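All remarks here apply to the structure that follows.
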Amino acid sequence: MLAGALGAMDLVVLSPEFDGSFRLLSESADWFRALTKEELKAGSHIRLEEVSDYLDNFLVDARAFWARDRIGRLRSGPWVESAVRGSAWPFEAQALVRNGVAFLVIEHLSEAYEQQVKLLQVARNHLLNEEVLEREVLKRTAATRQREEEIAIRLLAAASMRDAETGSHVRRIGLFSAAIGAALGWQPSRSADIKIAAPMHDIGKIGIPDGILLKPGRLTDDEYRTMQQHTVIGARMLGGTDIPLLNMGCEIALCHHEKWDGSGYPNGLRGEDIPIAARIVAIVDVFDAMVHRRVYKAPIPELEVLETMAEAAGSHFDPRLFEVFRSILPAIREICGTVED
Amino acid sequence: MIQMKLCMVGSFAVGKSSLVKRYVQSIFTDNYHTTVGVKVDKKDVVVGSETVRMMIWDLAGEDAFSRLQTTFLRGSAGYLLVADGTRAHTLDVALELQRQIEAALGQLPFVLVLNKDDLAPQWEVDRGRITALERDGVKVFRSSAKNGHSVESIFEHFASLDSLAHAS
(Lines give C-alpha, C1' and ligand atoms only; values in the text may rest on other atoms or scores of the structure.)
Protein backbone atom coordinates (compact mmCIF):
# COMPACT_ATOMS: atom_id res chain seq x y z
CA MET A 1 0.00 0.00 0.00
CA LEU A 2 2.86 2.32 0.94
CA ALA A 3 4.62 1.51 -2.32
CA GLY A 4 1.42 2.31 -4.22
CA ALA A 5 1.07 5.64 -2.45
CA LEU A 6 4.68 6.50 -3.19
CA GLY A 7 4.20 5.50 -6.81
CA ALA A 8 1.21 7.82 -7.08
CA MET A 9 3.38 10.67 -5.78
CA ASP A 10 5.89 10.04 -8.56
CA LEU A 11 8.89 9.77 -6.30
CA VAL A 12 11.49 7.23 -5.33
CA VAL A 13 12.86 6.74 -1.83
CA LEU A 14 16.38 5.51 -1.17
CA SER A 15 18.54 5.15 1.87
CA PRO A 16 22.30 5.67 1.90
CA GLU A 17 24.48 2.67 2.71
CA PHE A 18 27.86 2.75 4.43
CA ASP A 19 29.73 1.87 1.22
CA GLY A 20 28.42 5.00 -0.54
CA SER A 21 25.71 3.16 -2.49
CA PHE A 22 21.95 3.54 -2.00
CA ARG A 23 19.19 1.01 -1.37
CA LEU A 24 15.94 1.57 -3.18
CA LEU A 25 13.12 1.46 -0.64
CA SER A 26 10.23 2.21 -2.96
CA GLU A 27 9.32 0.84 -6.38
CA SER A 28 11.30 2.32 -9.26
CA ALA A 29 9.67 4.62 -11.82
CA ASP A 30 10.02 4.95 -15.61
CA TRP A 31 11.89 8.19 -15.27
CA PHE A 32 14.21 6.74 -12.60
CA ARG A 33 15.00 3.78 -14.86
CA ALA A 34 15.77 6.25 -17.67
CA LEU A 35 17.89 8.34 -15.36
CA THR A 36 19.89 5.45 -13.90
CA LYS A 37 19.74 3.26 -17.02
CA GLU A 38 19.08 0.32 -14.70
CA GLU A 39 16.11 -1.99 -14.06
CA LEU A 40 15.69 -1.69 -10.32
CA LYS A 41 13.30 -3.22 -7.84
CA ALA A 42 12.58 -2.31 -4.25
CA GLY A 43 15.55 -3.47 -2.19
CA SER A 44 18.05 -3.12 -5.08
CA HIS A 45 21.35 -1.39 -4.45
CA ILE A 46 22.59 1.32 -6.76
CA ARG A 47 25.44 3.78 -6.99
CA LEU A 48 24.19 7.25 -7.91
CA GLU A 49 27.51 8.76 -9.00
CA GLU A 50 27.33 10.06 -12.55
CA VAL A 51 23.57 9.43 -12.76
CA SER A 52 23.09 13.16 -12.71
CA ASP A 53 25.63 15.95 -12.47
CA TYR A 54 23.21 17.97 -10.39
CA LEU A 55 22.47 15.08 -8.05
CA ASP A 56 26.21 14.48 -7.58
CA ASN A 57 26.54 18.06 -6.45
CA PHE A 58 23.58 17.79 -4.09
CA LEU A 59 24.86 14.54 -2.56
CA VAL A 60 27.94 16.39 -1.27
CA ASP A 61 25.62 18.54 0.87
CA ALA A 62 23.25 15.65 1.59
CA ARG A 63 26.01 13.44 3.03
CA ALA A 64 27.15 16.30 5.26
CA PHE A 65 23.52 16.73 6.34
CA TRP A 66 23.07 13.01 7.14
CA ALA A 67 26.36 12.98 9.06
CA ARG A 68 24.94 15.61 11.43
CA ASP A 69 22.18 13.08 12.25
CA ARG A 70 19.56 15.71 13.09
CA ILE A 71 15.89 15.55 12.32
CA GLY A 72 15.03 17.71 9.36
CA ARG A 73 15.33 17.91 5.62
CA LEU A 74 17.57 19.44 3.03
CA ARG A 75 16.08 20.29 -0.35
CA SER A 76 18.09 20.36 -3.54
CA GLY A 77 15.86 22.89 -5.25
CA PRO A 78 14.32 21.99 -8.61
CA TRP A 79 16.47 20.99 -11.53
CA VAL A 80 15.81 19.92 -15.07
CA GLU A 81 17.57 17.06 -16.80
CA SER A 82 17.42 17.77 -20.49
CA ALA A 83 19.20 14.71 -21.80
CA VAL A 84 16.81 12.03 -20.57
CA ARG A 85 15.50 10.42 -23.76
CA GLY A 86 15.46 13.84 -25.37
CA SER A 87 12.91 15.14 -22.86
CA ALA A 88 13.20 17.80 -20.22
CA TRP A 89 12.26 16.31 -16.86
CA PRO A 90 12.05 18.37 -13.68
CA PHE A 91 13.18 16.83 -10.40
CA GLU A 92 13.80 17.76 -6.82
CA ALA A 93 15.72 15.74 -4.26
CA GLN A 94 15.47 15.85 -0.49
CA ALA A 95 17.78 14.50 2.17
CA LEU A 96 15.82 13.46 5.27
CA VAL A 97 16.56 12.02 8.68
CA ARG A 98 13.75 10.24 10.58
CA ASN A 99 14.28 8.19 13.73
CA GLY A 100 18.00 8.12 13.10
CA VAL A 101 17.54 6.77 9.57
CA ALA A 102 18.71 8.75 6.55
CA PHE A 103 16.63 8.91 3.39
CA LEU A 104 17.04 10.33 -0.06
CA VAL A 105 13.82 11.21 -1.84
CA ILE A 106 13.89 12.04 -5.53
CA GLU A 107 10.68 13.45 -6.89
CA HIS A 108 9.57 13.96 -10.46
CA LEU A 109 7.94 17.40 -10.22
CA SER A 110 5.89 17.38 -13.45
CA GLU A 111 2.81 19.60 -12.91
CA ALA A 112 4.07 21.19 -9.70
CA TYR A 113 7.11 22.39 -11.64
CA GLU A 114 4.96 23.73 -14.47
CA GLN A 115 2.97 25.68 -11.88
CA GLN A 116 6.15 27.17 -10.41
CA VAL A 117 7.34 28.13 -13.88
CA LYS A 118 4.02 29.78 -14.69
CA LEU A 119 4.01 31.79 -11.47
CA LEU A 120 7.58 32.92 -11.87
CA GLN A 121 7.00 33.70 -15.54
CA VAL A 122 4.13 36.03 -14.62
CA ALA A 123 6.18 37.72 -11.90
CA ARG A 124 9.18 38.22 -14.16
CA ASN A 125 7.10 39.46 -17.07
CA HIS A 126 5.68 41.98 -14.63
CA LEU A 127 9.20 43.04 -13.60
CA LEU A 128 10.22 43.38 -17.25
CA ASN A 129 7.17 45.55 -17.97
CA GLU A 130 8.03 47.70 -14.97
CA GLU A 131 11.56 48.11 -16.31
CA VAL A 132 10.23 49.22 -19.69
CA LEU A 133 7.91 51.76 -18.05
CA GLU A 134 10.68 53.03 -15.79
CA ARG A 135 12.96 53.51 -18.80
CA GLU A 136 10.22 55.45 -20.58
CA VAL A 137 9.71 57.71 -17.54
CA LEU A 138 13.47 58.33 -17.36
CA LYS A 139 13.55 59.18 -21.07
CA ARG A 140 10.70 61.66 -20.72
CA THR A 141 12.18 63.18 -17.55
CA ALA A 142 15.46 63.67 -19.41
CA ALA A 143 13.60 65.38 -22.27
CA THR A 144 11.81 67.71 -19.83
CA ARG A 145 15.09 68.48 -18.11
CA GLN A 146 16.73 69.26 -21.44
CA ARG A 147 13.94 71.75 -22.20
CA GLU A 148 14.35 73.39 -18.78
CA GLU A 149 18.09 73.69 -19.34
CA GLU A 150 17.53 75.16 -22.77
CA ILE A 151 15.25 77.86 -21.30
CA ALA A 152 17.80 78.62 -18.57
CA ILE A 153 20.58 78.92 -21.13
CA ARG A 154 18.45 81.34 -23.22
CA LEU A 155 17.86 83.43 -20.07
CA LEU A 156 21.57 83.49 -19.42
CA ALA A 157 22.28 84.53 -22.99
CA ALA A 158 19.84 87.45 -22.61
CA ALA A 159 21.51 88.58 -19.38
CA SER A 160 24.99 88.36 -20.86
CA MET A 161 24.05 91.00 -23.48
CA ARG A 162 24.31 93.61 -20.72
CA ASP A 163 26.94 92.09 -18.46
CA ALA A 164 30.67 92.36 -18.91
CA GLU A 165 31.24 88.87 -17.43
CA THR A 166 32.68 86.44 -19.94
CA GLY A 167 30.77 83.39 -21.08
CA SER A 168 33.63 81.17 -19.98
CA HIS A 169 33.48 82.63 -16.44
CA VAL A 170 29.83 81.67 -16.02
CA ARG A 171 30.42 78.22 -17.53
CA ARG A 172 33.27 77.57 -15.13
CA ILE A 173 31.14 78.69 -12.18
CA GLY A 174 28.60 76.04 -13.12
CA LEU A 175 31.20 73.31 -13.57
CA PHE A 176 33.06 74.16 -10.34
CA SER A 177 29.77 74.15 -8.40
CA ALA A 178 28.75 70.80 -9.87
CA ALA A 179 32.17 69.36 -8.94
CA ILE A 180 31.69 70.50 -5.33
CA GLY A 181 28.16 69.03 -5.33
CA ALA A 182 29.56 65.71 -6.52
CA ALA A 183 32.28 65.82 -3.85
CA LEU A 184 29.54 66.39 -1.26
CA GLY A 185 27.82 63.23 -2.48
CA TRP A 186 24.85 65.00 -4.03
CA GLN A 187 22.49 63.07 -6.31
CA PRO A 188 23.57 63.49 -9.96
CA SER A 189 20.34 65.40 -10.72
CA ARG A 190 21.11 67.98 -7.99
CA SER A 191 24.68 68.43 -9.26
CA ALA A 192 23.26 68.81 -12.77
CA ASP A 193 20.88 71.51 -11.44
CA ILE A 194 23.65 73.57 -9.90
CA LYS A 195 25.71 73.32 -13.08
CA ILE A 196 23.00 75.36 -14.83
CA ALA A 197 21.70 77.35 -11.83
CA ALA A 198 25.07 78.70 -10.65
CA PRO A 199 25.79 80.62 -13.88
CA MET A 200 22.52 82.51 -13.29
CA HIS A 201 23.79 84.06 -10.05
CA ASP A 202 24.09 87.56 -11.58
CA ILE A 203 21.05 87.34 -13.85
CA GLY A 204 19.38 90.18 -11.90
CA LYS A 205 21.95 92.63 -13.29
CA ILE A 206 19.64 92.79 -16.29
CA GLY A 207 17.46 95.10 -14.14
CA ILE A 208 20.24 97.49 -13.10
CA PRO A 209 20.42 100.78 -15.05
CA ASP A 210 23.29 101.04 -17.57
CA GLY A 211 24.62 104.14 -15.84
CA ILE A 212 25.39 102.05 -12.77
CA LEU A 213 26.05 98.60 -14.24
CA LEU A 214 28.54 99.87 -16.82
CA LYS A 215 30.01 102.75 -14.80
CA PRO A 216 33.79 102.57 -15.13
CA GLY A 217 34.64 104.29 -11.85
CA ARG A 218 33.78 103.75 -8.20
CA LEU A 219 30.06 103.59 -7.32
CA THR A 220 28.53 106.07 -4.88
CA ASP A 221 26.80 104.67 -1.80
CA ASP A 222 23.39 105.11 -3.46
CA GLU A 223 24.61 103.48 -6.65
CA TYR A 224 26.09 100.61 -4.65
CA ARG A 225 22.75 100.09 -2.89
CA THR A 226 21.04 99.99 -6.29
CA MET A 227 23.66 97.56 -7.56
CA GLN A 228 22.99 95.26 -4.58
CA GLN A 229 19.42 95.00 -5.79
CA HIS A 230 20.57 92.64 -8.58
CA THR A 231 20.24 89.82 -6.04
CA VAL A 232 16.59 90.58 -5.34
CA ILE A 233 15.78 91.20 -9.01
CA GLY A 234 17.40 87.90 -10.00
CA ALA A 235 15.43 86.04 -7.33
CA ARG A 236 12.21 87.63 -8.56
CA MET A 237 13.02 86.58 -12.13
CA LEU A 238 13.70 82.94 -11.22
CA GLY A 239 11.33 82.36 -8.31
CA GLY A 240 7.74 81.23 -8.12
CA THR A 241 7.96 78.07 -10.20
CA ASP A 242 7.96 74.42 -9.18
CA ILE A 243 11.02 73.72 -11.32
CA PRO A 244 13.87 72.57 -9.03
CA LEU A 245 16.52 74.01 -11.34
CA LEU A 246 14.96 77.50 -11.25
CA ASN A 247 14.28 77.29 -7.51
CA MET A 248 17.95 76.61 -6.94
CA GLY A 249 18.79 79.47 -9.34
CA CYS A 250 16.52 81.74 -7.29
CA GLU A 251 18.31 80.85 -4.03
CA ILE A 252 21.70 81.38 -5.61
CA ALA A 253 20.74 84.71 -7.20
CA LEU A 254 19.32 86.02 -3.92
CA CYS A 255 22.02 84.75 -1.55
CA HIS A 256 25.35 84.55 -3.35
CA HIS A 257 26.51 87.81 -1.71
CA GLU A 258 25.52 86.69 1.78
CA LYS A 259 28.50 85.98 4.05
CA TRP A 260 29.05 83.22 6.60
CA ASP A 261 29.39 85.76 9.44
CA GLY A 262 26.17 87.57 8.52
CA SER A 263 27.81 90.68 7.07
CA GLY A 264 26.62 90.09 3.50
CA TYR A 265 23.57 91.29 1.59
CA PRO A 266 20.65 91.56 0.83
CA ASN A 267 19.34 89.94 4.05
CA GLY A 268 22.39 89.56 6.26
CA LEU A 269 21.86 85.80 6.54
CA ARG A 270 24.36 83.90 8.65
CA GLY A 271 25.98 80.43 8.51
CA GLU A 272 23.77 77.58 7.38
CA ASP A 273 20.77 79.91 7.05
CA ILE A 274 22.36 80.73 3.71
CA PRO A 275 21.29 78.06 1.18
CA ILE A 276 24.18 75.68 0.49
CA ALA A 277 24.04 76.26 -3.28
CA ALA A 278 24.60 79.99 -2.69
CA ARG A 279 27.48 79.28 -0.27
CA ILE A 280 29.11 77.14 -2.96
CA VAL A 281 28.71 79.82 -5.62
CA ALA A 282 30.12 82.49 -3.28
CA ILE A 283 33.37 80.48 -3.15
CA VAL A 284 33.74 79.58 -6.82
CA ASP A 285 32.70 83.05 -8.06
CA VAL A 286 35.41 84.77 -6.04
CA PHE A 287 38.03 82.15 -6.89
CA ASP A 288 37.38 82.32 -10.63
CA ALA A 289 37.29 86.13 -10.72
CA MET A 290 40.60 86.33 -8.87
CA VAL A 291 42.61 83.75 -10.83
CA HIS A 292 41.50 85.05 -14.23
CA ARG A 293 42.27 88.29 -16.06
CA ARG A 294 39.67 91.05 -16.03
CA VAL A 295 39.73 94.37 -17.89
CA TYR A 296 40.47 96.07 -14.59
CA LYS A 297 43.04 93.56 -13.18
CA ALA A 298 45.71 91.01 -13.98
CA PRO A 299 45.22 87.34 -12.97
CA ILE A 300 46.38 86.56 -9.42
CA PRO A 301 48.46 83.39 -8.85
CA GLU A 302 46.37 80.50 -7.52
CA LEU A 303 48.43 80.06 -4.35
CA GLU A 304 47.96 83.72 -3.43
CA VAL A 305 44.22 83.49 -4.14
CA LEU A 306 43.85 80.43 -1.95
CA GLU A 307 45.75 82.10 0.90
CA THR A 308 43.51 85.16 0.67
CA MET A 309 40.37 83.03 0.53
CA ALA A 310 41.55 80.83 3.42
CA GLU A 311 41.74 83.96 5.57
CA ALA A 312 38.11 84.68 4.65
CA ALA A 313 36.92 81.13 5.42
CA GLY A 314 34.74 81.41 8.49
CA SER A 315 33.92 85.08 7.86
CA HIS A 316 33.02 85.36 4.16
CA PHE A 317 32.95 81.68 3.17
CA ASP A 318 31.56 78.52 4.72
CA PRO A 319 34.79 77.01 6.13
CA ARG A 320 33.69 73.40 5.57
CA LEU A 321 32.75 74.03 1.95
CA PHE A 322 36.01 75.88 1.40
CA GLU A 323 37.87 72.76 2.56
CA VAL A 324 35.82 70.63 0.15
CA PHE A 325 36.70 73.12 -2.61
CA ARG A 326 40.39 72.85 -1.73
CA SER A 327 40.18 69.04 -1.73
CA ILE A 328 39.03 69.01 -5.36
CA LEU A 329 41.57 71.54 -6.68
CA PRO A 330 42.92 69.08 -9.30
CA ALA A 331 39.41 68.86 -10.79
CA ILE A 332 39.02 72.66 -10.56
CA ARG A 333 42.32 73.15 -12.43
CA GLU A 334 41.20 70.67 -15.07
CA ILE A 335 38.01 72.69 -15.62
CA CYS A 336 40.07 75.90 -15.89
CA GLY A 337 42.21 74.17 -18.54
CA THR A 338 39.17 73.02 -20.49
CA VAL A 339 37.14 76.25 -20.32
CA GLU A 340 39.60 79.03 -21.02
CA ASP A 341 38.75 82.72 -21.45
CA MET B 1 36.40 11.67 -22.12
CA ILE B 2 37.07 14.83 -20.18
CA GLN B 3 34.09 16.37 -18.44
CA MET B 4 33.87 20.09 -17.88
CA LYS B 5 31.23 21.92 -15.86
CA LEU B 6 30.32 25.48 -16.78
CA CYS B 7 27.71 27.65 -15.09
CA MET B 8 25.55 30.38 -16.60
CA VAL B 9 25.07 33.19 -14.10
CA GLY B 10 23.29 36.52 -14.35
CA SER B 11 20.13 38.55 -13.85
CA PHE B 12 16.81 37.25 -15.16
CA ALA B 13 15.89 37.65 -18.84
CA VAL B 14 19.44 38.38 -20.01
CA GLY B 15 19.44 35.38 -22.35
CA LYS B 16 21.33 32.69 -20.42
CA SER B 17 19.01 29.89 -21.49
CA SER B 18 18.91 31.23 -25.04
CA LEU B 19 22.70 31.18 -25.25
CA VAL B 20 22.74 27.54 -24.09
CA LYS B 21 19.96 26.63 -26.51
CA ARG B 22 21.79 28.34 -29.36
CA TYR B 23 25.04 26.57 -28.49
CA VAL B 24 23.65 23.10 -27.78
CA GLN B 25 20.71 22.91 -30.20
CA SER B 26 21.37 25.81 -32.63
CA ILE B 27 17.86 27.10 -31.87
CA PHE B 28 16.59 30.52 -30.86
CA THR B 29 13.08 31.54 -29.82
CA ASP B 30 12.12 35.16 -29.29
CA ASN B 31 9.77 34.50 -26.36
CA TYR B 32 11.13 34.79 -22.86
CA HIS B 33 10.87 31.53 -20.90
CA THR B 34 11.93 31.79 -17.31
CA THR B 35 14.13 29.12 -15.73
CA VAL B 36 13.19 27.67 -12.36
CA GLY B 37 16.05 26.07 -10.46
CA VAL B 38 18.82 24.68 -12.64
CA LYS B 39 18.76 23.22 -16.12
CA VAL B 40 21.67 21.00 -17.02
CA ASP B 41 22.62 20.54 -20.69
CA LYS B 42 25.41 18.54 -22.24
CA LYS B 43 27.44 19.01 -25.37
CA ASP B 44 30.43 17.04 -26.56
CA VAL B 45 33.13 18.99 -28.34
CA VAL B 46 36.43 17.86 -29.76
CA VAL B 47 39.46 19.84 -28.65
CA GLY B 48 42.65 18.64 -30.32
CA SER B 49 42.58 14.90 -29.85
CA GLU B 50 40.30 15.01 -26.83
CA THR B 51 36.54 14.88 -26.60
CA VAL B 52 35.26 17.21 -23.93
CA ARG B 53 31.79 16.75 -22.49
CA MET B 54 30.58 20.18 -21.49
CA MET B 55 28.06 20.10 -18.66
CA ILE B 56 26.33 23.45 -18.87
CA TRP B 57 24.43 24.50 -15.76
CA ASP B 58 21.90 27.15 -16.55
CA LEU B 59 21.10 28.75 -13.20
CA ALA B 60 17.82 30.58 -12.63
CA GLY B 61 18.21 34.32 -13.16
CA GLU B 62 18.93 36.51 -10.18
CA ASP B 63 16.05 38.61 -8.88
CA ALA B 64 13.92 39.07 -5.78
CA PHE B 65 12.44 35.58 -6.27
CA SER B 66 15.65 33.72 -6.85
CA ARG B 67 19.08 34.09 -5.25
CA LEU B 68 22.32 32.53 -6.44
CA GLN B 69 23.43 29.45 -4.51
CA THR B 70 27.18 29.45 -4.85
CA THR B 71 27.29 25.70 -4.04
CA PHE B 72 25.94 25.18 -7.58
CA LEU B 73 29.32 26.34 -8.88
CA ARG B 74 31.24 23.70 -6.92
CA GLY B 75 33.51 21.78 -9.27
CA SER B 76 33.04 24.23 -12.14
CA ALA B 77 35.81 24.87 -14.62
CA GLY B 78 34.44 28.38 -14.86
CA TYR B 79 31.33 30.41 -15.41
CA LEU B 80 29.72 32.74 -17.88
CA LEU B 81 28.61 35.99 -16.30
CA VAL B 82 25.79 37.07 -18.56
CA ALA B 83 24.32 40.59 -18.82
CA ASP B 84 21.88 42.18 -21.26
CA GLY B 85 23.49 45.06 -23.16
CA THR B 86 20.13 46.80 -23.47
CA ARG B 87 19.60 46.83 -19.66
CA ALA B 88 22.57 48.49 -17.98
CA HIS B 89 21.62 47.42 -14.46
CA THR B 90 22.00 43.75 -15.42
CA LEU B 91 25.74 44.41 -15.69
CA ASP B 92 25.71 45.68 -12.09
CA VAL B 93 23.90 42.49 -11.05
CA ALA B 94 26.45 40.38 -12.94
CA LEU B 95 29.41 42.09 -11.32
CA GLU B 96 27.82 41.74 -7.88
CA LEU B 97 27.32 38.00 -8.53
CA GLN B 98 30.97 37.74 -9.55
CA ARG B 99 31.96 39.29 -6.20
CA GLN B 100 29.71 36.83 -4.33
CA ILE B 101 31.18 33.85 -6.20
CA GLU B 102 34.73 34.98 -5.59
CA ALA B 103 34.01 35.52 -1.89
CA ALA B 104 32.51 32.02 -1.57
CA LEU B 105 34.71 29.95 -3.87
CA GLY B 106 37.81 32.03 -4.57
CA GLN B 107 38.96 32.91 -8.05
CA LEU B 108 37.30 30.83 -10.75
CA PRO B 109 37.79 31.51 -14.46
CA PHE B 110 34.92 33.51 -15.89
CA VAL B 111 34.00 35.55 -18.93
CA LEU B 112 31.59 38.44 -19.10
CA VAL B 113 29.02 37.96 -21.85
CA LEU B 114 27.10 41.06 -22.94
CA ASN B 115 24.21 39.51 -24.79
CA LYS B 116 21.68 40.94 -27.28
CA ASP B 117 24.28 42.42 -29.60
CA ASP B 118 21.64 42.21 -32.34
CA LEU B 119 19.93 45.12 -30.51
CA ALA B 120 23.10 47.25 -30.51
CA PRO B 121 21.31 50.58 -31.23
CA GLN B 122 19.28 50.10 -28.02
CA TRP B 123 22.30 49.32 -25.85
CA GLU B 124 22.53 51.05 -22.49
CA VAL B 125 25.85 49.56 -21.39
CA ASP B 126 28.45 52.24 -21.85
CA ARG B 127 31.39 51.45 -24.14
CA GLY B 128 33.73 53.15 -21.64
CA ARG B 129 32.57 50.77 -18.94
CA ILE B 130 33.35 47.78 -21.14
CA THR B 131 36.81 49.15 -21.92
CA ALA B 132 37.45 49.73 -18.20
CA LEU B 133 36.48 46.13 -17.40
CA GLU B 134 38.74 44.84 -20.17
CA ARG B 135 41.55 47.00 -18.79
CA ASP B 136 40.98 45.28 -15.42
CA GLY B 137 41.60 41.94 -17.14
CA VAL B 138 37.99 40.82 -17.63
CA LYS B 139 37.45 38.84 -20.83
CA VAL B 140 34.38 40.40 -22.43
CA PHE B 141 32.29 38.96 -25.26
CA ARG B 142 29.47 40.74 -27.08
CA SER B 143 27.08 38.04 -28.16
CA SER B 144 23.71 37.44 -29.71
CA ALA B 145 21.81 34.26 -28.96
CA LYS B 146 19.41 35.42 -31.67
CA ASN B 147 21.87 35.45 -34.58
CA GLY B 148 24.53 33.27 -32.98
CA HIS B 149 27.19 35.98 -32.92
CA SER B 150 30.15 34.93 -30.72
CA VAL B 151 28.24 32.08 -29.08
CA GLU B 152 30.59 29.31 -30.24
CA SER B 153 33.67 31.38 -29.35
CA ILE B 154 32.47 31.91 -25.78
CA PHE B 155 32.17 28.20 -25.05
CA GLU B 156 35.26 27.40 -27.10
CA HIS B 157 37.14 29.81 -24.87
CA PHE B 158 36.51 27.44 -21.96
CA ALA B 159 37.00 24.31 -23.97
CA SER B 160 40.47 25.48 -25.01
CA LEU B 161 43.41 23.48 -23.77
CA ASP B 162 44.27 26.21 -21.26
CA SER B 163 40.89 25.89 -19.63
CA LEU B 164 41.18 22.14 -19.60
CA ALA B 165 44.13 22.53 -17.29
CA HIS B 166 41.76 24.20 -14.84
CA ALA B 167 39.13 21.55 -15.37
CA SER B 168 41.36 18.59 -14.70
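No experiment lies behind these values; they were computed from the predicted model shown.
- Heavy atoms closer than 4.5 Å to chain A are found nowhere in Ser11(B), neither backbone nor side chain.
- Between Asp61(A) and Arg74(B), the closest side-chain pair of non-hydrogen atoms falls below 4.5 Å.
- Enclosure of atom CZ in Arg127(B) is not indicated, since only 12 or fewer non-hydrogen atoms of other residues, nucleotides or ligands lie within 6.0 angstrom.
- Around the CD atom of Glu134(A), the shell of radius 6.0 Å holds no more than 12 heavy atoms that belong to other residues, nucleotides or ligands.
- Between the side chain of Arg124(A) and the main chain of His33(B), no donor-acceptor pair closer than 3.5 Å is present.
- Other residues, nucleotides and ligands place more than 12 heavy atoms under 6.0 Å from the CD atom of Glu136(A).
- For the atom pair CZ (Phe12(B)) and CG (Leu127(A)), the distance works out to 4.5 Å, reported to the nearest 0.5 Å.
- Note that the OH atom of Tyr54(A) and the NZ atom of Lys5(B) stand 9.5 Å from one another [nearest 0.5 Å].
- Residue Glu130(A) qualifies as enclosed at atom CD: its count of foreign heavy atoms under 6.0 Å is above 12.
- Residues Val117(A) and Thr34(B) meet the side-chain proximity criterion, which asks for heavy atoms closer than 4.5 Å.
- The stretch residues 106-133 of chain B participates, sequence neighbours left out, in these ring pair (Phe, Tyr, Trp, His ring centres under 6.0 Å) pairs: Tyr79(B)-Phe110(B).
- Of all residues spanning residues 143-155 of chain B, none has a heavy atom less than 4.5 Å away from chain A's heavy atoms.
- With a 4.5 Å cut-off on non-hydrogen atoms, Thr71(B) touches chain A through its backbone and its side chain both.
- Contact of Glu92(A) with chain B is not made at all, since no heavy-atom distance falls under 4.5 Å.
- Atom CD of Glu96(B) has more than 12 neighbouring heavy atoms from other residues, nucleotides or ligands inside a 6.0 Å radius.
- By the 4.0 Å N-to-carboxylate-O rule, Arg53(B) lies too far from Asp53(A) to be salt-bridged with it.
- For the atom pair Met55(B) CE and Ser52(A) OG, the distance stands at 7.5 Å (nearest 0.5 Å).
- Here the side chains of Gln115(A) and Val36(B) are not in contact, with every heavy-atom distance at 4.5 Å or above.
- Salt bridge Glu124(B)/Arg135(A): present, at least one basic N to carboxylate O contact under 4.0 Å.
- By the 6.0 Å contact criterion, CD1 on Ile27(B) is enclosed, its count of non-hydrogen atoms from other residues, nucleotides or ligands being greater than 12.
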Go through the steps to decide whether Glu81(A) and Asp41(B) satisfy the test side-chain contact (heavy atoms from CB on, under 4.5 Å), and finish with yes or no. CA-CA 7 Å; Glu81(A) 290 287 340; Asp41(B) 275 281; over 6 Å; no

